[in-house]
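Remarks on the structure that follows.
Side-chain atoms are counted along with the backbone in the values below, which use heavy atoms only and exclude waters and symmetry mates. In the text below, chain A, chain B and the rest are named by the order of the sequence lines, each starting its count at 1. Please read all numbers here as calculations on a predicted model, not as lab measurements.
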Number of protein chains: 2
Amino acid sequence: MTASAPVALTEYEGACLDKDADERAIRDVLTRVGDKWSLLVVATLRNGRLRFSELQRHIPGVSQRMLTLTLRQLERDGLLVREVHAEVPPRVEYELTGMGASLVDASVALLTWALENQPAIERARTAYDARTA
Amino acid sequence: MTASAPVALTEYEGACLDKDADERAIRDVLTRVGDKWSLLVVATLRNGRLRFSELQRHIPGVSQRMLTLTLRQLERDGLLVREVHAEVPPRVEYELTGMGASLVDASVALLTWALENQPAIERARTAYDARTA
DNA sequence: CAGTATCCTCATCGATACTG
DNA sequence: CAGTATCGATGAGGATACTG
């Protein structure tokens, strides 16, 4: 499973990471993925559209402000669409675009890695701290 | 290729993202991957060990301070090892661990996604800005 | 219900200078 | 060469209050 990855990586370094535009593209996406709520929002929307309040319930700890800001960014980037229904009380639903769904798919490997390696990381930290303390 | 991903994601939401520990593990890794230099450092080390100054040359724009901090964190997490050679002038080499290499492999899908979708994201932003301006 | 508007804090990051 | 120490800017993110 790791047989072809080194090749792919070499291509990144040679053909991509050194070029400014591609490096910016990657940093752009990684910054988004690395922020506190974006990936959690798209992952939560992976199973279907949800309204604002439903999202807030599904994502513990997110403030109204941060959820709004995150949704606006994701909408601006074309990862989800915002649908306002002209009703009283207002109803706003959010739904992933194809690109948004594909981002989740592309993130699965990294999420799996995170879960699988968390114990080893924890152990490494403990050992390091003991060594340097 | 996207056939099995939704299933995997559903498992994440049901079995993982709602549980505090796993969510912390994921956020932990995503924060690391999302920071400005970490993934760039491990990717650069993917082809073999490098010394401090070589890393700095390979990674344009990184300051001594940030490179040091990034390397210390990655070392603490067990993603690379730091080898100090008792020489004058001092020589310090950094090399990925197996876990460090596997992180790069796990990130390839996301990096590929970033490169492939960057144009579409750019277009979406332009359209959004025109719509809301 | 689905937001805005303000204020505030803290962590990240960069620049610069110094050192074993 | 491979760092450390210090300072300062920037901005992500949280708390709270208010609104169409």
Side-chain angles (χ1 to χ4, degrees), chain A residues 20 23-24 26-42 44-45 49-77 80-95 128 131-133, chain B residues 23-24 26-41 44-45 49-77 80-95 128 131-133:
Chain A
D20 273 14
E23 197 174 326
R24 245 196 49 257
I26 289 178
R27 188 118 64 189
D28 219 54
V29 169
L30 291 182
T31 301
R32 182 66 34 93
V33 165
D35 80 14
K36 203 166 178 183
W37 305 111
S38 291
L39 195 56
L40 213 46
V41 167
V42 291
T44 304
L45 286 173
R49 58 171 48 180
L50 290 174
R51 28 199 313 191
F52 189 90
S53 53
E54 291 172 327
L55 274 169
Q56 205 169 10
R57 265 194 303 280
H58 277 79
I59 304 175
V62 70
S63 64
Q64 263 185 341
R65 170 186 145 82
M66 286 315 297
L67 184 53
T68 300
L69 289 178
T70 302
L71 287 168
R72 288 294 177 280
Q73 280 247 305
L74 295 172
E75 184 195 6
R76 188 170 103 99
D77 286 359
L80 56 78
V81 289
R82 178 170 179 266
E83 291 151 5
V84 184
H85 303 268
E87 303 172 6
V88 185
R91 181 166 56 95
V92 180
E93 291 185 316
Y94 294 90
E95 186 174 23
Y128 181 93
R131 216 158 54 229
T132 59
Chain B
E23 198 175 325
R24 245 195 51 258
I26 288 179
R27 190 118 64 189
D28 221 53
V29 169
L30 291 182
T31 302
R32 182 66 33 94
V33 164
D35 80 14
K36 203 164 178 184
W37 305 111
S38 292
L39 195 55
L40 212 46
V41 167
T44 303
L45 287 173
R49 59 170 48 180
L50 289 174
R51 27 197 316 191
F52 188 88
S53 52
E54 292 173 326
L55 274 169
Q56 205 169 10
R57 264 194 303 280
H58 277 78
I59 304 176
V62 70
S63 65
Q64 264 185 343
R65 171 186 145 84
M66 286 316 297
L67 184 53
T68 301
L69 290 178
T70 303
L71 287 168
R72 289 293 177 280
Q73 280 248 307
L74 294 172
E75 184 194 6
R76 188 170 102 101
D77 287 0
L80 56 79
V81 289
R82 178 170 179 266
E83 291 151 4
V84 184
H85 304 269
E87 304 172 5
V88 184
R91 181 165 57 97
V92 180
E93 291 185 316
Y94 294 91
E95 186 174 23
Y128 181 92
R131 218 159 52 230
T132 60

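Put simply, CZ on A:R72 and CG on A:L80 are 9.5 Å apart, with the number rounded to the nearest 0.5 Å. Put simply, OG on A:S63 and CG on A:L69 are 8.0 Å apart, with the number rounded to the nearest 0.5 Å. Summarising the geometry, atom OH belonging to A:Y94 is positioned 12.5 Å from atom CZ belonging to A:R49; distances are rounded to the nearest 0.5 Å. Here the CD-NE2 distance, from B:E93 to B:H85, works out to 4.0 Å after rounding to the nearest 0.5 Å. With rounding to the nearest 0.5 Å, the separation of OG1 in B:T68 from CZ in B:F52 is 3.5 Å. From A:R24, atom CZ reaches atom OG1 of A:T31 across 11.0 Å, with rounding to the nearest 0.5 Å.
Side-chain atoms of B:M66 lie closest to C:dC13 of the nucleotides D:dA2, C:dC1, C:dC13. The side chain of A:P90 lies closest to C:dC1 when the candidates are C:dC1, D:dA2, C:dG14.
Summarising the geometry, the separation between CG on A:L69 and C1' on C:dA5 is reported as 11 Å, rounded to the nearest angstrom. Taking atom CG of residue B:L67 and atom P of nucleotide C:dG14, one finds them 11 Å apart after rounding to whole Å. Atom NE2 in B:H85 sits roughly 10 Å away from atom P in D:dA2 (whole-Å rounding). Atom CD in A:Q56 sits about 12 Å away from atom P in D:dG14, given to the nearest Å. A straight line from CH2 of B:W37 to C1' of C:dT12 spans 13 Å, rounded to a whole angstrom. One can place CG of B:D35 at 13 Å from P of D:dG13, the figure rounded to the nearest angstrom. Atom CZ of B:R57 and atom C1' of D:dA2 are 13 Å apart (whole Å).
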Applying the Watson-Crick and G-U criteria (both distances under 3.5 angstrom) with [ ] for crossing and | for other-strand pairs, one obtains for DNA chain C ||||||||||||||||||||

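Applying the salt bridge (charged side-chain N to carboxylate O under 4.0 Å, His left out) test to residues at least two apart or on different chains, none of the pairs has a partner in residues 50-60 of chain B.
At D:dA2, none of the side-chain N or O atoms of B:R91 fall inside 4.0 Å of OP1 or OP2 (strictly under the cut-off).
Within 4.0 Å of A:S53, counting heavy atoms only, lie sugar-phosphate atoms of the nucleic acid but no base atom.
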Worksheet item: Can A:L39 and A:V42 be said to form a side chain to side chain contact (heavy atoms under 4.5 Å, CB included), step by step?
Response: CA-CA 5 Å; A:L39 195 56; A:V42 291; 3.6 Å; yes

Enumerate the protein-to-nucleotides 3-6 of chain D contacts in which both atoms are nitrogen or oxygen and the separation is below 3.5 Å.
| residue | atom | partner | partner atom | Å |
| --- | --- | --- | --- | --- |
| D:dG3 | OP1 | B:R72 | NH2 | 3.0 |
| D:dG3 | OP1 | B:R82 | NE | 3.3 |
| D:dG3 | OP1 | B:R82 | NH2 | 2.5 |
| D:dG3 | OP2 | B:Y94 | OH | 2.5 |
| D:dG3 | N7 | B:Q64 | OE1 | 2.8 |
| D:dG3 | N7 | B:Q64 | NE2 | 3.1 |
| D:dG3 | O6 | B:Q64 | OE1 | 2.9 |

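Here the side chains of B:K36 and B:T70 are not in contact, with every heavy-atom distance at 4.5 Å or above.
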